[in-house]
Enquirer: 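Would you mind keeping the following structure in view while I ask a few things?
We number each residue from 1, following the sequence as shown. Excluded from the calculations below are hydrogen atoms, water molecules and symmetry mates; all remaining heavy atoms, backbone and side chain alike, are included.
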Amino acid sequence: NRCFYLNNTNAALEGFTITNGFAAGAVLPDYQGGGVLALVDGGVISNCVITGNRAKEGGGVCHGTVRNCGMVNNEGFSSGGGSSRGDIRDCVIAGNVAGAAGGAHSPQWMEKCLVYGNAATNGVAGGIGGGEVRRCVITGNRALYNGGGASAGNFTFCAFSSNVSVLGNGGAAASASLWGCDVSDNQATNYGQGGGVYSCYLYNCAIWSNRAYQGGGVFQLFGRPAYNCTIVGNRASDGGGGTYDAYVYNGIVYNNHAAQYSNYYNTVFSYACVSPASGLHAFDADPQFVSESGADFHLMGSSPCVDAGTNLSAVGVVLDKDGLSRPLDGHDDGTNLWDLGAYEYIHPGADSDRDHFKDADEAAAGTDATNQYSLLQFEQAGYVVETNGDGLVIRWQSVLEKSYRVERSTNLAAQAGTPLFTHVPGAPPMNTATDAAAFGSGPWLYRVLVERD
């Protein structure tokens, strides 16, 4: 029998080790969720270890909201060894097996998870099969066929490394969409194609040190494009070390190796840094990375790739791999143009939106350097603080994934004030903090700072 069945929105399952569950009936939902099955948005599973469970679909968990859990060494006879569907965040999914989607099958949303050492023993997607996935690390997974790390689905700001497609294609990913992802040290073994990715839509990705028989970095089918990608240092034992059968726009394809057609094969380039030069507005030159050997593919200020691209906003390329808005004024000459590759160069003196805040400062604050109304500022000049029964209320504009520090002083000339709050997570569009000690005479002067990572 399965261990837990949650069918109420208010159900909460917290702090358990869940093991030896089994679900393999003939019809839905009898074969889902060996450890836990949650239906009708059935509650929250948190701080649990879910291990050694089996089911046809979702050996560990099926559906539900899962937080801070470990799904380890579970089995899905058909799909989803660790989990299937559901909203999964801040979890470890490791050592699970399934026929396909060894780690996770079609999550409605997965974020900030480690997906490690899972296997698809008879199909595709060693780590994750389908779903919406953001800021996850997908490493050391294996699939018998396509997609050692993942197959299908949408992946945003994820890192793929050391995944393997054994008899298929796409060491890291196959037939998926990747936005702002790192793809490194993956393999499509035997006669596989696409050591990094196979037939994927690619946006702002850095793809390096992958290996395959053909298309060491990228092997594309059906005209699927690579926009603003950096494809460097990949290898193929036959042909197309960097790209094979690909369409590359605003890209850098450089220093890849193969037995023949070393850097690329049958690839169409438009606005590209590529050797040998081929296509529309393509050139052959050293892209001048900060450190190719250190896998830092940011551009130096002298790079020929700065401001050398074309407008790709129509296809959704409005951010770079760091999440910075494109395009910036890379030459500080009053003109904003797209750079080539995964990263926009930040000129130290440029102010791309002419709001009197430099691009580098806006990058640190997480604000949009192409939008003059995007600022780190108090709610409204002259009305930044109001009084309620608990003290003085301070409000400031904020962004996700930044943390803030609030200081108070009675001296406007002071370089630093008394810390009131630290490590305040951004809660856009506006953060609020109450200074309970600020009563009586002042003056009370406040400062809000972004805390460095």
Enquirer: Could you go through the salt bridge (Lys or Arg N to Asp or Glu O under 4.0 Å) check for Arg54 and Glu75 one step at a time?
Expert: CA-CA 5 Å; Arg54 297 179 297 155; Glu75 181 180 359; 5.1 Å; no
Enquirer: When the ring centroid of Phe269 is compared with that of Tyr247, is the distance short of 6.0 Å?
Expert: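 No, the ring centres sit 6.0 Å or more apart.
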Enquirer: Is any NZ, NE, NH1 or NH2 atom of the basic residue among Arg408 and Asp435 found under 4.0 Å from an Asp or Glu carboxylate oxygen of the other?
Expert: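 Here Arg408 pairs with Asp435 in a salt bridge, since their nearest N and O are under 4.0 Å apart.
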Enquirer: Using every non-hydrogen atom in the two residues, find where Gly192 and Ala212 come nearest and quote the distance to one decimal.
Expert: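 Scanning both residues completely, I find the closest heavy atoms to be O-CB, 3.6 Å.
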Enquirer: Might you point out which heavy atoms bring Ala188 and Gly170 nearest each other, and give the distance in Å?
Expert: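 Residues Ala188 and Gly170, closest heavy atoms: CB-N, 4.1 Å.
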Enquirer: In terms of the angle between their ring planes, are Tyr244 and Tyr265 parallel, tilted or perpendicular, with boundaries placed at 30° and 60°?
Expert: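 Rings of Tyr244 and Tyr265: tilted, 30 to 60°.
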Enquirer: Distance-only check: which donor-acceptor pairs under 3.5 Å involve side-chain atoms of residues 21-32, not counting sequence neighbours?
Expert:
unit_1	atom_1	unit_2	atom_2	d
Gln32	NE2	Glu57	OE1	3.3
Gln32	NE2	Glu57	OE2	3.4

Enquirer: Within the structure provided, determine whether Asn234 and Ile207 are in side-chain contact (heavy-atom separation under 4.5 Å).
Expert: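 Yes, at least one pair of side-chain atoms sits under 4.5 Å.
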Enquirer: Does some side-chain heavy atom of Met110 sit less than 4.5 Å from a side-chain heavy atom of Cys91?
Expert: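 Not in contact.
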Enquirer: For a side-chain hydrogen bond (donor to acceptor under 3.5 Å, both in side chains) check, start with the C-alpha distance between Asn311 and Ser313, then their side-chain angles and the critical distance, and finish with the verdict.
Expert: CA-CA 6 Å; Asn311 186 337; Ser313 60; 2.7 Å; yes
Enquirer: Quick check: does any side chain N or O of Asn96 sit under 3.5 Å from a backbone N or O of Gly103, one acting as donor and the other as acceptor?
Expert: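 Pair absent, no side-chain N/O of Asn96 close to backbone of Gly103.
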Enquirer: Given Leu299 and Ile252, is the side chain to side chain contact (heavy atoms under 4.5 Å, CB included) satisfied, shown in steps?
Expert: CA-CA 11 Å; Leu299 302 174; Ile252 301 173; 4.1 Å; yes
Enquirer: Keeping the roles fixed (side chain from Ser262, backbone from Ala258), state whether a donor-acceptor pair exists under 3.5 Å.
Expert: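 Yes: the side chain of Ser262 pairs with the backbone of Ala258.
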Enquirer: So how far is it from Glu344 CD to Trp338 CH2, rounded to the nearest 0.5 Å?
Expert: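 So the CD of Glu344 and the CH2 of Trp338 are separated by 8.5 Å.
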Enquirer: I'd like to know if Lys402 pairs up with Glu451 as an ion pair, taking the criterion as any Lys NZ or Arg NE/NH1/NH2 lying under 4.0 Å from an Asp or Glu carboxylate oxygen.
Expert: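 So Lys402 does not pair with Glu451 through a salt bridge.
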Enquirer: Rounded at 0.5 Å granularity, tell me how far OG in Ser79 sits from CG in Asn122.
Expert: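 Between atom OG of Ser79 and atom CG of Asn122 there are 12.5 Å.
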Enquirer: So Asn186 and Val164, do their side chains get closer than 4.5 Å, heavy atoms only?
Expert: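 Heavy-atom side-chain distance check fails, nothing below 4.5 Å.
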Enquirer: How about Leu178 and Cys205: do any of their side-chain heavy atoms sit closer than 4.5 Å?
Expert: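 SC-SC contact between Leu178 and Cys205 confirmed.
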Enquirer: Measure from the side-chain N and O atoms of Ser374 to the backbone N and O of Asp368, and report whether any donor-acceptor pair falls under 3.5 Å.
Expert: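 The answer is yes, because a donor-acceptor pair under 3.5 Å joins these two groups.
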Enquirer: Which atoms form the tightest heavy-atom contact between Leu13 and Ile18, and what is the distance?
Expert: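 Looking at all heavy atoms of both residues, the shortest contact is CD2-CD1, 3.8 Å.
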Enquirer: Do Val66 and Ser46 have side chains that get closer than 4.5 Å, going by heavy atoms?
Expert: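 Not in contact.
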Enquirer: Between Thr434 and Leu392, does a side chain to side chain contact (heavy atoms under 4.5 Å, CB included) hold up when you go through it step by step?
Expert: CA-CA 5 Å; Thr434 300; Leu392 296 180; over 6 Å; no
Enquirer: Would you call Asp320 and Asn228 a side-chain contact if the rule is heavy atoms closer than 4.5 Å?
Expert: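 SC-SC contact between Asp320 and Asn228 ruled out.
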Enquirer: Can you tell me if Asn204 uses its side chain to pair, donor with acceptor, with the backbone of Leu319 under 3.5 Å?
Expert: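 Here the side-chain-to-backbone pair exists.
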Enquirer: Just by modelled atom types, is the Gly217 backbone N or O under 3.5 Å from a matching donor or acceptor in the Arg235 side chain?
Expert: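 Judged by distance alone, no pair lies under 3.5 Å.
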Enquirer: Taking atom CZ as the centre, does Phe157 end up with more than 12 heavy-atom neighbours from other residues, nucleotides or ligands that are less than 6.0 angstrom away?
Expert: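 Correct, the count exceeds 12.
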Enquirer: Could you state the interatomic distance from CG (Asn154) to CH2 (Trp109), rounded to the nearest 0.5 Å?
Expert: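 Taking CG in Asn154 and CH2 in Trp109, the distance rounds to 9.5 Å.
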Enquirer: Got a salt bridge between Arg326 and Asp339, using NZ or NE/NH1/NH2 to carboxylate O under 4.0 Å?
Expert: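 Asp339 and Arg326: not salt-bridged.
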Enquirer: Tell me whether Asp238 contacts the main-chain N or O of Tyr213 through its side chain, where contact means a donor paired with an acceptor under 3.5 Å.
Expert: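 No: the side chain of Asp238 does not pair with the backbone of Tyr213.
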Enquirer: Does this structure show an ion pair linking Glu132 with Arg134, if we count only N-O contacts that are shorter than 4.0 Å?
Expert: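 Salt bridge between Glu132 and Arg134, a charged N being under 4.0 Å from a carboxylate O: no.
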Enquirer: Can you name the closest pair of heavy atoms from Glu292 and Val232 and give their distance?
Expert: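 Nearest heavy atoms, Glu292 then Val232: OE2-CG1, 3.1 Å.
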Enquirer: Less than 6.0 angstrom separating the ring centers of Phe297 and Trp208, yes or no?
Expert: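 Yes, the ring centres sit under 6.0 Å apart.
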Enquirer: Hey, what do you get for CG (Asp245) to CZ (Arg224), rounding to the nearest 0.5 Å?
Expert: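 It comes to 13.5 Å.
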Enquirer: Could you go through the side chain to side chain contact (heavy atoms under 4.5 Å, CB included) check for Phe289 and Thr230 one step at a time?
Expert: CA-CA 10 Å; Phe289 300 121; Thr230 299; 3.7 Å; yes
Enquirer: If you apply the rule side chain to side chain contact (heavy atoms under 4.5 Å, CB included), what do you find for Val274 with Tyr254, and how did you get there?
Expert: CA-CA 6 Å; Val274 57; Tyr254 202 78; over 6 Å; no
Enquirer: Is there a donor-acceptor contact under 3.5 Å from the side chain of Asn263 to the main chain of Asn256?
Expert: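 Yes, the answer is positive, given that a donor and an acceptor are paired below the 3.5 Å cut-off.
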Enquirer: Ignoring hydrogens and geometry, is there a side-chain-to-backbone donor-acceptor pair from Ser165 to Gly168 under 3.5 Å?
Expert: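 Side chain of Ser165 to backbone of Gly168: a pair is present.
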Enquirer: Once rounded to the nearest 0.5 Å, what's the spacing between atom SG of Cys62 and atom CZ of Arg2?
Expert: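 It is 8.5 Å, given to the nearest 0.5 Å.
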Enquirer: May I ask you to check whether Phe155 and Phe160 place their ring centers less than 6.0 Å from one another?
Expert: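 Distance test on ring centres: under 6.0 Å, yes.
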Enquirer: For side-chain hydrogen bond (donor to acceptor under 3.5 Å, both in side chains), just list the numbers for Asn431 and Ser398, CA-CA rounded to whole Å, side-chain angles, deciding distance to a tenth of an Å, and then say yes or no.
Expert: CA-CA 6 Å; Asn431 267 52; Ser398 62; 2.6 Å; yes
Enquirer: Can you classify the ring geometry of Tyr203 versus Tyr227 as parallel (below 30°), tilted (30 to 60°) or perpendicular (above 60°)?
Expert: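 Geometry flag for Tyr227 against Tyr203: tilted rings.
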Enquirer: Is Arg89 paired with Glu111 through a side-chain N to carboxylate O contact shorter than 4.0 Å?
Expert: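 The answer is yes: the pair qualifies as a salt bridge.
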Enquirer: Looking at Pro327 and Thr370, what are the two nearest heavy atoms and their distance?
Expert: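 Of all heavy-atom pairs spanning Pro327 and Thr370, the closest is O-CG2, 3.4 Å.
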Enquirer: Without swapping roles, check the side chain of Asn7 against the backbone of Leu39 for a donor-acceptor pair under 3.5 Å.
Expert: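 Absent.
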Enquirer: Specify the closest pair of heavy atoms between Leu202 and Cys229, including all atoms of both residues, with the distance to one decimal.
Expert: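 The pair with the smallest heavy-atom distance is CB-SG, 3.7 Å.
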Enquirer: Counting only heavy atoms not in Tyr116 (residues, nucleotides, ligands), do more than 12 fall under 6.0 Å from its OH?
Expert: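 Open: at most 12 neighbouring heavy atoms sit under 6.0 Å from OH of Tyr116.
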Enquirer: Measuring from atom CG of Asn73 to atom OG1 of Thr51, what distance do you get when rounded to the nearest 0.5 angstrom?
Expert: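 Asn73 CG to Thr51 OG1: 5.0 Å, rounded to 0.5 Å.
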Enquirer: Measuring only between side-chain heavy atoms, which start at C-beta, is Val61 closer than 4.5 Å to Ile50?
Expert: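 Val61 reaches Ile50 side chain to side chain.
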Enquirer: Within the distance-only criterion (no hydrogens, no angle test), does the side chain of Arg85 pair as donor or acceptor with the backbone N or O of Ser106 below 3.5 angstrom?
Expert: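 Here the side-chain-to-backbone pair does not exist.
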Enquirer: Contact between Ile346 and Leu328 at the side-chain level, heavy atoms closer than 4.5 Å - yes or no?
Expert: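 They are in side-chain contact.
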